Peer 1: 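What follows is a structure written as structure tokens; I'll ask about it next.
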Protein chains: 2
Amino acid sequence: MLNYSQSEENYIKAIYHLQADGETVTTNALAQELLTRPASVTDMMKKLKTKKLLNYQPYQGFRLNNEGKKVALGIIRRHRLWEYFLSEKLKFGWDEVHEIAEELEHVSSKKLVDKLDEYLGFPKFDPHGDPIPDMNGKIENYQQVSLVDLPLNTLAEVCHVSNQSTEMLDLLKHKNISIGTRLEIKQKFHFDSSVEIKIRQQHLVTISEQLAKNIFVRYGA
Amino acid sequence: MLNYSQSEENYIKAIYHLQADGETVTTNALAQELLTRPASVTDMMKKLKTKKLLNYQPYQGFRLNNEGKKVALGIIRRHRLWEYFLSEKLKFGWDEVHEIAEELEHVSSKKLVDKLDEYLGFPKFDPHGDPIPDMNGKIENYQQVSLVDLPLNTLAEVCHVSNQSTEMLDLLKHKNISIGTRLEIKQKFHFDSSVEIKIRQQHLVTISEQLAKNIFVRYGA
DNA sequence: ATAATATTTTAGCCAAATCTAAAAAAATAT
DNA sequence: ATATTTTTTTAGATTTGGCTAAAATATTAT
Ligand SMILES: [Mn+2]
Ligand SMILES: [Mn+2]
Ligand SMILES: [Mn+2]
Ligand SMILES: [Mn+2]
């Protein structure tokens, strides 16, 4: 696997995100994403085309090919592993990790990244709930649903909370739930739609429908 | 504190090391150190002079001024903290950490570095036994003493042996001790004044008073 | 003191990554 | 179907950090 410049890597990653929905990526969209000028994008697209990372014909937009996607997944892997490290080990807040990971992701040692992965215990999701590609660039399939829609006895991981009020965060803290918490539903009570959950290595707790609606989890497909 | 490019930082750090003995640094010496050309060095020296990091008159060599030294110590701090992290947490070998730290040192977030320092437990020495500057750029003074006088549980680095006989060197080799070995004393036995030492990443070994007397170590004041 | 050698600087060129302004092409509106 | 507007590309410039070759300066040897 060749090495790419910091700038090339930032372009590759941005294209990957923009083309995720199957669309062709446009010059303007990419320029906006990277806070740069359309002319600069065109220049870089020519370069990445000669490096055989994407398909591009003038005026036709562009998409990463398989090689380009593989490179992108490597960068995303590094980015998310560092975010996890910053959040989990160094106790940075969710909002602070992205900017620093934006730099760390460009340190390219393969051995570093794989050892970091191991040290962190092969985490599956970054602090924002986004999946971390494994050594082979594979991202786990997952379903993302509100906790009220999680099937009984299905291990899932909290990946998102749709309400960030102090009150909600207080309650979550009290119930010992945060992003990354692994849990399963043991029982649903139809009277008030409350659910009884078992958090990994903790006791059973009951949470209200109100709260469950705002907790999002992912589980294996 | 301003931000400097990766290239500028590599020059600053190299000058710092070369001028350590009070000498004026020459164009050729720096070019050799950085595997670059003298002409490139001259260009960069002009730039660093306008940035007020060093004193430089054509043909006269150069030295970092106080501001330049402060910047250099920041880079060295990052470099050595990352080396410690790679060695201690990710279990890289001593010989592998430098190259990776050469990249990581350029990630400039002050908060990252200070949190990393805290996470690592404010280590005083990197895996090569070199001292790690603290948040204020301060490097601990060294004490150099015979191993028999090293306080318990104090990490130190072997810097000298006062007997160079084949017999002594044989014994040192057998005990896996050489210049640069980092160790601490775990126990002193008063019966025969032997000491039990823990060498970094190795098992405990016991050495005689006779041997300990002839081993000199340095440690943070 | 002068000549020979070594070091350092200057001059001029190059590649990467950016920019602005103008031209070209595509998309949209009349 | 044209005209207008938007998007994209091209042309040409700039900055950073590097290079080679030649000139300038300093050092060393005779
Ligand atoms: Mn980045
Ligand atoms: Mn993220
Ligand atoms: Mn470096
Ligand atoms: Mn070191």
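Naming convention: chains lettered A, B, ... in sequence-line order (proteins, then strands); numbering from 1 in each chain. Everything numeric here is computed off the predicted structure, so don't read it as measured data. Because only heavy atoms are used, hydrogens play no part in the values below, and waters and symmetry mates are left out as well, while side chains stay in.
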Peer 1: Please work out if B/Thr27 contacts a base, only the sugar-phosphate, or nothing of the nucleic acid, heavy-atom cut-off 4.0 Å.
Peer 2: sugar-phosphate
Peer 1: Between D/dG18 and B/Arg37, is there an OP1 or OP2 to side-chain N/O distance shorter than 4.0 Å?
Peer 2: no
Peer 1: Closest to the A/Ser40 side chain: C/dT18, D/dT9, D/dT25?
Peer 2: C/dT18
Peer 1: Let me know, please, whether B/Pro38 or A/Ser5 comes out on the 5' side of the other along DNA chain C by nearest nucleotide.
Peer 2: B/Pro38
Peer 1: What integer distance in Å separates B/Tyr59:OH from C/dT9:C1'?
Peer 2: 4 Å
Peer 1: Whole angstrom is fine here: how far is it from CG in B/Leu35 over to C1' in D/dC19?
Peer 2: 15 Å
Peer 1: With a 4.0 Å cut-off on heavy atoms, is B/Pro58 in touch with a base, just the backbone sugar-phosphate, or nothing at all?
Peer 2: sugar-phosphate
Peer 1: For A/Asp43 and A/Gln60, take the nucleotide of DNA chain C holding the closest heavy atom to each; which residue's nucleotide lies nearer the 5' end?
Peer 2: A/Asp43
Peer 1: For the residue pair B/Phe85 and A/Trp82, categorise the inter-ring angle as parallel (less than 30°), tilted (30 to 60°) or perpendicular (more than 60°).
Peer 2: tilted
Peer 1: Measuring from the side chain of A/Met44 (C-beta onward, heavy atoms only), which nucleotide among C/dA11, D/dT10, C/dT18 has the closest atom?
Peer 2: C/dT18
Peer 1: Regarding B/Thr42, tell me which of base, sugar-phosphate or nothing describes its non-hydrogen contacts under 4.0 Å with the strands shown.
Peer 2: base
Peer 1: Is it true that A/Glu105 and A/Arg80 have a side-chain N and a carboxylate O under 4.0 angstrom from each other?
Peer 2: no
Peer 1: Would you indicate, yes or no, if D/dT9 has its OP1 or OP2 atom less than 4.0 angstrom from a side-chain nitrogen or oxygen of A/Lys46?
Peer 2: no
Peer 1: Considering just the side-chain nitrogens and oxygens of A/Tyr11, establish if one lies under 4.0 Å of OP1 or OP2 belonging to C/dA16.
Peer 2: no
Peer 1: Base, sugar-phosphate, or nothing for A/Tyr56, non-hydrogen atoms under 4.0 angstrom?
Peer 2: sugar-phosphate
